[in-house]
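The block underneath contains the structure these notes are about, expressed in structure tokens.
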Protein chains: 2
Amino acid sequence: MNRVREYRKQVGISQFALAEKVGVARQTINLIENDKYNPSLKLCISLAEELGTDLNTLFWKVDEES
Amino acid sequence: MNRVREYRKQVGISQFALAEKVGVARQTINLIENDKYNPSLKLCISLAEELGTDLNTLFWKVDEES
DNA sequence: GAACAATGTCAACTATATATGACAAAAAGA
DNA sequence: TCTTTTTGTCATATATAGTTGACATTGTTC
């Protein structure tokens with residue numbers, strides 16, 4: 001799991017708005033949030049920048065604590 | 001620019017050896033080191049793990065200091 | 001300087017990230 | 001309740017990440 005949804009909600013925007021900001025389709029954001037695939041590095045970086053955070057925070061070893 | 005080459009040399013292995021460890025072709029490593037394309041998140045994570053570092057260190061805002 | 005390892009690069013192929021359009025269901029607001 | 005926004009999901013299409021095989025070049029090491 002990644003923390004895109006969590007940070008998007010914190011910023012208070014919809015999947016559609018985030019998609020526009022980073023220049024992809026809304027469906028792409030939806031699939032990423034639901035871990036349905038494997039985004040490119042560029043997109044990950046855009047997401048981190050748009051959400052005011054960084055790669056590690058969004059994508060590095062974000063298993064929920066067991 | 002990313003810091004894959006730098007960390008690979010630090011670990012002391014060839015592009016070929018690193019490619020085998022992360023399960024891609026040698027050319028893929030070569031292209032990434034030379035910024036010829038945009039790897040997937042999964043591959044970035046494998047690289048970071050194999051090189052004993054993390055996403056931010058390898059890929060986050062690694063412009064050479066100006 | 002011959003032999004070998006490591007790297008850069010090309011062309012052709014396959015797999016998959018991402019786009020587009022559409023529809024239904026859930027959530028939020030009036 | 002009705003309306004609108006947001007989210008999940010499907011199917012088809014396109015762009016590009018990643019593969020495979022090959023060859024030339026640049027080190028190393030003997």
Side-chain angles (χ1 to χ4, degrees):
Chain A
M1 280 303 267
N2 63 68
R3 302 173 75 179
V4 173
R5 172 165 298 156
E6 177 185 344
Y7 273 75
R8 177 176 60 78
K9 295 222 157 156
Q10 207 163 290
V11 171
I13 60 179
S14 67
Q15 292 179 349
F16 180 75
L18 179 56
E20 276 194 321
K21 286 188 183 235
V22 300
V24 297
R26 178 183 64 82
Q27 286 86 333
T28 300
I29 302 294
N30 187 59
L31 289 168
I32 292 169
E33 289 192 352
N34 291 306
D35 268 319
K36 296 277 174 61
Y37 66 50
N38 191 11
S40 71
L41 176 59
K42 266 191 193 167
L43 178 48
C44 293
I45 290 174
S46 300
L47 286 170
E49 287 173 347
E50 228 22 272
L51 297 177
T53 179
D54 57 69
L55 288 174
N56 280 357
T57 305
L58 284 185
F59 300 108
W60 187 249
K61 304 200 168 153
V62 274
D63 315 70
E64 27 277 89
E65 52 274 24
S66 47
Chain B
M1 280 301 266
N2 63 67
R3 301 174 74 179
V4 172
R5 171 165 299 159
E6 176 185 345
Y7 273 74
R8 177 175 60 77
K9 296 220 157 157
Q10 206 164 292
V11 172
I13 60 180
S14 67
Q15 292 180 349
F16 180 75
L18 179 55
E20 276 193 321
K21 285 188 186 235
V22 300
V24 297
R26 178 183 65 83
Q27 287 86 332
T28 301
I29 302 295
N30 186 58
L31 289 168
I32 292 170
E33 288 192 352
N34 292 306
D35 268 319
K36 297 277 174 60
Y37 65 50
N38 191 11
S40 71
L41 176 59
K42 266 191 193 167
L43 177 48
C44 292
I45 290 174
S46 299
L47 287 170
E49 287 174 346
E50 233 15 276
L51 297 177
T53 180
D54 57 70
L55 288 173
N56 281 357
T57 305
L58 284 185
F59 301 108
W60 186 249
K61 302 198 168 155
V62 274
D63 315 70
E64 27 276 87
E65 51 276 20
S66 45

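We name chains A, B, ... by the order of the sequence lines, and we start the count at 1 in each one. Computed from a predicted structure; not experimentally measured.
With rounding to the nearest 0.5 Å, the separation of CG in Leu18(B) from OG1 in Thr28(B) is 11.0 Å. Note that CG of Asn2(B) and OG1 of Thr57(B) are 12.0 Å apart. Values are rounded to the nearest 0.5 Å. The line from CG of Asp54(A) to CD1 of Ile45(A) is 11.0 Å long, rounded to the nearest 0.5 Å. For the atom pair NZ (Lys61(A)) and CG (Asn56(A)), the distance works out to 10.0 Å, reported to the nearest 0.5 Å.
Legend: residues meeting side chain to side chain contact (heavy atoms under 4.5 Å, CB included) with Gln27(B), ordered by chain and number and at least two apart, are Ala25(B).
The neighbour count for Tyr7(B) OH, taken as heavy atoms of other residues, nucleotides or ligands under 6.0 Å away, is above 12.
Both Leu58(B) and Leu31(B) sit in one connected hydrophobic cluster of ILVMFWY residues. Membership requires side-chain heavy atoms under 4.5 Å apart, directly or through other members. Linking ILVMFWY residues whenever their side-chain heavy atoms come closer than 4.5 Å, directly or via other members, leaves Val4(A) and Phe16(A) in distinct clusters. Note on Leu41(A): it clusters hydrophobically with Trp60(A), by side-chain heavy-atom contacts below 4.5 Å among ILVMFWY residues.
Scanning residues 5-26 of chain A for heavy-atom distances under 4.0 Å to DNA chain C yields Gly23(A), Val24(A), Ala25(A), Arg26(A). Of the residues in residues 47-55 of chain B, not one places a heavy atom less than 4.0 Å from an atom of DNA chain D. If you check residues 27-38 of chain B against DNA chain D, the residues with a heavy atom closer than 4.0 Å are Gln27(B), Thr28(B), Tyr37(B), Asn38(B), listed by number.
A distance-only check finds a donor-acceptor pair linking the side chain of Asn38(A) to the backbone of Lys42(B) [under 3.5 Å].
Using five terminal pairs a side, the axes of the helix from dG1(C)-dC30(D) to dG29(C)-dC2(D) at its two ends make an angle of 60°, given in steps of 10 degrees.
What you find for Ile29(A) and Val24(A) is that their closest heavy atoms are CD1-CG2, 3.8 Å.
Mapping heavy-atom proximity under 4.0 Å, the span of DNA chain C touched by chain A runs 5' to 3' from dA17(C) to dA22(C).
Annotation: side chain of Leu43(B) is in contact with side chain of Ile32(B) (closest heavy-atom distance under 4.5 Å).
In summary, of the residues considered (Met1(B), Glu6(B), Arg5(B)), a side chain to side chain contact (heavy atoms under 4.5 Å, CB included) with Arg3(B) occurs for Glu6(B) alone.
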